[in-house]
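Presented below is the structure to which this report refers.
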Amino acid sequence: MSSQKPSIPKGTRDFSPAEMVRRNFIFDVIRNVFQVFGYQPIETPAMENLSTLMGKYGEEGDKLLFKILNSGNYLDGLPEAESGMRDAGSRLVHLTRHIAEKGLRYDLTVPFARFVVQHQNDLVFPFKRYQIQPVWRADRPQKGRYREFFQCDVDVIGSNSLLNEVELGQIIDTVFSRLGINVLIRLNNRKVLAGIAEAIGAPDKLTDITVAMDKLDKTGMDKVVDELIERGITYESVEKLQPILTLEGKIKEKFDTLTSFFANSTIGQKGIEEMRIVLQHLKDLDLKNKFDFDITLARGLSYYTGTIIEVKALDAAMGSICGGGRYDDLTGIFGLPGMSGVGISFGADRICDVMSELKLFPETLQAVSRVLFVNFGTEEEKYCLKQLADLRKAGIPAELYPDPSKLKKQMEYANRKNIPFVILVGKDEMEQGQMALKDMRSGEQKICTPGEVKQILSW
RNA sequence: GUGGUCGUAGCUCAGUUGGUUAGAGCGAUAGAUUGUGGAUCUAUAGGUCGUGGGUUCAAGCCCCAUCUUCCACCCCA
């Protein structure tokens, strides 16, 4: 029989017990914060109908969707004409439509929008929900980038109030404070970006402008100007844009400059006003982490319409570990117009990477028994089983070695698993109704009554 | 999708201009020690050198393809 080398798909990972303990620590903190802020959990299927997912993430997004081949003979009913399609690109699109109708979810926001529309009659609005589940992207893996990763989303839908933005800011601040990660929280507003596009006389080039602007901190002004020209922005417009790009200093000064810049742009004024309100509230709340207004922040999927948020770790080189924003009409495409929502997504895997790099995990994180009963044989087993049940009833994680193996082997087992205590019960101890409790750290061992054991272990 | 990079024992890695039977450390297993782990000593096991082709008298080493790892771009958590 030939054996194959075991492996998993590119960009996916197994998680060992030690890793799971750390991951669960993060999930627990995040879930706890979400709940304290009054959000309710939901889950949606790993796969969605492709029609739900396609076209929601831009051209690039469609390419990154994992598509699921139809079951059965998926070539059945393939129109003959398809094979005659001239270029491979459009042939692929048409083919895909016939052989795949499901795809793995790309994020949690679009499935959430679908969920809201589908269950609108059962939901109470504004609906505050959180969702912690894996998503899949057919990206090339690299640092902090996986093909399967967990997002932790919080959204509130059905409310235009900027208080929701403020609340999300508090959630971000609380989560990262609890995890011990220093972060910079950058805010911007799509309306400000639209205002800029309008003010420089290129309102139709919003996307091109934002994509180019976003690279400012990475590539520098020259490259950004090059790209703007390349994307068809006129010299005149670029010239008007430049002083805005280099805007620095206090938030208040930025506001002042932009307010005059937006003299003839109502949408720009609206954006500034929104930013002012959100940032003022956040300032009054006196949070631990720094919030900044950054007009070069353009990220976020194409469906964002208002506030956009991005969070980066200050002490580690890693992409954004949390991001989100407001979307005014995501449910519109599913037939429920006029429903504004705002939400953010924490990238659990990147947060985990950052915390590992910075050694921020508590050392006490472990998922092992507190005590191991050594197995001496049939008689002793029976006795230990009862003691074991008692300890477990008291909430003490405990286990009995399943085989009457050599003592050395059993002790080594406890040692390697980092089980801090071992209980040895042989004939003598059984007769006396006592147990030998050994501290694996110090090596000390003493005879105890069951009550004493419970007391020592329940510490 | 574009560009680069890695792959030799369970793990971390040596391996000369292509030349006999591919090595080390750690780990694993067994024993020294039949009711006591970590330390020490001894012995043992473990590799179709990522995979498939090619060049050569001869390939871990050279060439091609492919998969995988990691990194950058694009984009993003």
Side-chain angles (χ1 to χ4, degrees), chain A residues 2-13 26 30 57-64 88-89 92 105-109 132-153 207 210-212 214-215 218-219 223 227 298-302 304 308-313 317-325 343-354 372 374-377 380 401 404-430 436-445 447:
Chain A
S2 72
S3 72
Q4 66 178 74
K5 228 180 209 173
S7 66
I8 54 176
K10 176 165 38 173
T12 65
R13 297 151 300 157
I26 291 172
I30 291 176
Y57 309 105
E59 276 177 56
E60 287 300 311
D62 282 358
K63 286 186 202 156
L64 298 180
L92 194 69
R105 74 166 97 77
Y106 177 92
D107 71 357
L108 300 178
T109 308
I132 299 175
Q133 287 191 276
V135 303
W136 294 268
R137 294 180 190 179
D139 227 349
R140 274 227 195 150
Q142 57 180 281
K143 183 171 184 172
R145 171 167 308 188
Y146 306 100
R147 288 185 145 183
E148 176 184 61
F149 60 97
F150 273 76
Q151 291 195 326
C152 313
D153 274 36
T207 310
T210 53
V211 169
D214 188 44
K215 290 171 191 159
K218 228 176 190 177
T219 61
K223 287 268 174 68
E227 183 163 349
R299 303 203 155 188
L301 283 320
S302 45
Y304 291 132
I308 45 184
I309 308 168
E310 184 175 282
V311 183
K312 277 191 164 184
M318 175 64 71
S320 64
I321 52 179
C322 177
I344 48 171
S345 180
F346 291 80
D349 304 79
R350 285 184 176 180
I351 291 172
C352 199
D353 287 350
V354 167
L372 172 80
V374 167
N375 189 325
F376 281 109
E380 293 87 343
Y401 197 86
S405 309
K406 286 186 179 171
L407 242 193
K408 181 186 167 94
K409 189 165 185 181
Q410 301 193 43
M411 297 297 281
E412 227 160 44
Y413 172 83
N415 201 42
R416 294 204 44 196
K417 276 188 83 173
N418 271 318
I419 297 174
F421 291 95
V422 165
I423 289 178
L424 301 104
V425 180
K427 286 215 171 61
D428 295 349
E429 288 87 352
M430 271 168 67
L437 179 68
K438 176 165 178 143
D439 183 329
M440 292 298 278
R441 284 229 178 142
S442 64
E444 270 173 52
Q445 183 174 326
I447 306 293

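Chain letters run A, B, ... following the sequence lines, proteins first, then strands; residues in each count from 1. All values below were derived from every heavy atom in this structure, side-chain atoms included, with hydrogens, water molecules and symmetry-related copies excluded.
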How close do Cys352(A) and Ile26(A) get, counting heavy atoms only, and between which atoms?
CA-CD1, 3.5 Å
On a whole-Å scale, what distance lies between the C1' atoms belonging to rU44(B) and rG4(B)?
44 Å
Can you figure out which of rC71(B), rC75(B), rA77(B) approaches the side chain of Lys215(A) most closely?
rC75(B)
Under 4.5 Å between any side-chain heavy atoms of Leu424(A) and Leu407(A), yes or no?
yes
Could you tell me the Watson-Crick or G-U partner of rU66(B), where both distances fall under 3.5 Å? Say none if there is no partner.
rG50(B)
Select base, sugar-phosphate, or nothing to describe what Gly443(A) touches, counting heavy atoms under 4.0 Å on all strands.
base
Would you indicate whether the side-chain heavy atoms of Asn418(A) and Met440(A) approach each other to under 4.5 Å?
no
Taking for Glu444(A) and for Pro141(A) the nucleotide of RNA chain B with the nearest heavy atom, the one nearer the 5' end belongs to Glu444(A)
Out of rC71(B), rG35(B), rC76(B), which has the shortest distance to the side chain of Arg137(A)?
rC76(B)
For Val211(A), answer base if it contacts any base atom (sugar-phosphate contacts may also be present), sugar-phosphate if it contacts only those atoms, and nothing otherwise; contact means non-hydrogen atoms under 4.0 Å.
sugar-phosphate
From rU36(B), rA77(B), rG37(B), nucleotide with atom closest to Glu412(A) side chain:
rG37(B)
Between Phe421(A) and Asp439(A), is there a side-chain heavy-atom distance shorter than 4.5 Å?
yes
Would you say Arg147(A) and Pro141(A) make side-chain contact, with heavy atoms under 4.5 Å?
yes
Classify the ring geometry of Tyr401(A) against Tyr413(A): parallel below 30°, tilted from 30° to 60°, perpendicular beyond 60°.
perpendicular
Looking at every strand, decide which applies to Gly144(A) at a 4.0 Å heavy-atom threshold: base, sugar-phosphate, or nothing.
base
Strictly below 4.0 Å, N to O, side chains only: are Lys63(A) and Glu60(A) in salt-bridge contact?
yes
Donor-acceptor pair, Gln410(A) side chain versus Asn375(A) backbone, under 3.5 Å?
yes
Reckon Lys406(A) has a side-chain N or O less than 4.0 Å from the OP1 or OP2 of rG35(B)?
no
With side chains defined as the heavy atoms from C-beta onward, is the minimum distance between Arg140(A) and Arg145(A) less than 4.5 Å?
no
Figure out the CZ/C1' separation between Arg13(A) and rA77(B), and round it to whole Å.
11 Å
Without decimals, in angstroms, what is the distance between Ile309(A) CD1 and rC76(B) C1'?
16 Å
I'd like to know if Arg140(A) reaches the base of rC74(B) with its side chain such that a donor and an acceptor end up less than 3.5 angstrom apart.
no
Just call it for Gly319(A): base, sugar-phosphate, or nothing, with non-hydrogen atoms closer than 4.0 Å on any strand.
nothing
If the P atom of rG37(B) is compared with that of rA28(B), how far apart are they to the nearest Å?
15 Å
Tell whether Gln410(A) reaches the base of rU36(B) with its side chain through a donor-acceptor pair below 3.5 angstrom.
no
For Leu372(A) and rG38(B), give me the distance from atom CG to atom C1', rounded to whole Å.
16 Å
How is Lys409(A) classified with respect to the nucleic acid when contacts are heavy atoms under 4.0 Å: base, sugar-phosphate, or nothing?
nothing
Centroid under 5.5 Å and tilt under 30°, Phe149(A) to rA77(B):
yes
Can you tell me, in whole Å, how much space there is between the P of rG27(B) and that of rA65(B)?
42 Å
Rounded to whole Å, CG of Asp62(A) lies from C1' of rG1(B) at a distance of 15 Å
Under 4.0 Å, counting only non-hydrogen atoms across every strand here, what does Gly377(A) touch: a base, just sugar-phosphate, or nothing?
nothing
Relative to the 5' end of RNA chain B, which residue comes earlier, Glu429(A) or Ile8(A), by the nucleotide with the nearest heavy atom?
Glu429(A)
Base of rG35(B), side chain of Glu380(A) - is there a donor-acceptor contact under 3.5 Å?
no
Choose from rG35(B), rA77(B), rG37(B) the nucleotide whose nearest atom is closest to any side-chain atom of Met440(A).
rG37(B)
When you compare rU51(B) with rU69(B), how far apart are their C1' atoms, in angstrom units rounded to a whole number?
15 Å
Where the side chain of Lys215(A) meets the backbone of Lys223(A), is there a donor-acceptor pair that is under 3.5 Å apart?
no
May I ask you to say what Glu60(A) touches in the nucleic acid, namely base, sugar-phosphate or nothing, with a heavy-atom cut-off under 4.0 Å?
nothing
In whole angstrom, what separates Ile30(A)'s CD1 from rA77(B)'s C1'?
11 Å
What nucleic acid atoms does Lys427(A) come within less than 4.0 Å of, heavy atoms only: base, sugar-phosphate, or nothing?
base
Contact class for Tyr146(A) (heavy atom, under 4.0 Å): base, sugar-phosphate, or nothing?
base
So does Lys10(A) reach the base of rU68(B) with its side chain, donor to acceptor, closer than 3.5 Å?
no
Nearest-angstrom distance, P atom, rU34(B) to rG15(B):
44 Å
Spacing between Phe421(A) atom CZ and rU36(B) atom P, to the nearest angstrom
21 Å
Tell me the partner of rA28(B), counting only Watson-Crick (N1-N3 plus N6-O4 or O6-N4) or G-U wobble (N1-O2 and O6-N3) with both under 3.5 Å; none if nothing fits.
rU44(B)
To the side chain of Leu407(A), which of rG37(B), rU36(B), rC76(B) is closest?
rU36(B)
Determine the interatomic distance between C1' on rG47(B) and the same-named atom on rU12(B); round to the nearest Å.
16 Å
Figure out the CD1/C1' separation between Ile447(A) and rG35(B), and round it to whole Å.
11 Å
Side chain of Gln151(A) only, please: which of rA77(B), rU36(B), rG37(B) is the nearest?
rA77(B)
Using the C1' atom as the point on both nucleotides, what is the distance between rC70(B) and rU16(B), in whole Å?
28 Å
Select base, sugar-phosphate, or nothing to describe what Ile321(A) touches, counting heavy atoms under 4.0 Å on all strands.
sugar-phosphate
Could you give the distance separating rC6(B) and rG60(B) at their C1' atoms, to the nearest angstrom?
15 Å
Please work out if Cys152(A) contacts a base, only the sugar-phosphate, or nothing of the nucleic acid, heavy-atom cut-off 4.0 Å.
nothing
Just how far, in rounded Å, is P of rC76(B) from OH of Tyr106(A)?
7 Å
Answer for the Watson-Crick or wobble partner of rG60(B), both distances under 3.5 Å, is none
Return the nearest nucleotide to the side chain of Leu424(A); candidates are rG35(B), rG37(B), rC75(B).
rG35(B)
Arg441(A) near the nucleic acid: base, sugar-phosphate alone, or nothing, with a heavy-atom cut-off under 4.0 Å?
base
Per atom distances to the Gln142(A) side chain, the nearest of rC75(B), rA28(B), rA72(B) is rA72(B)
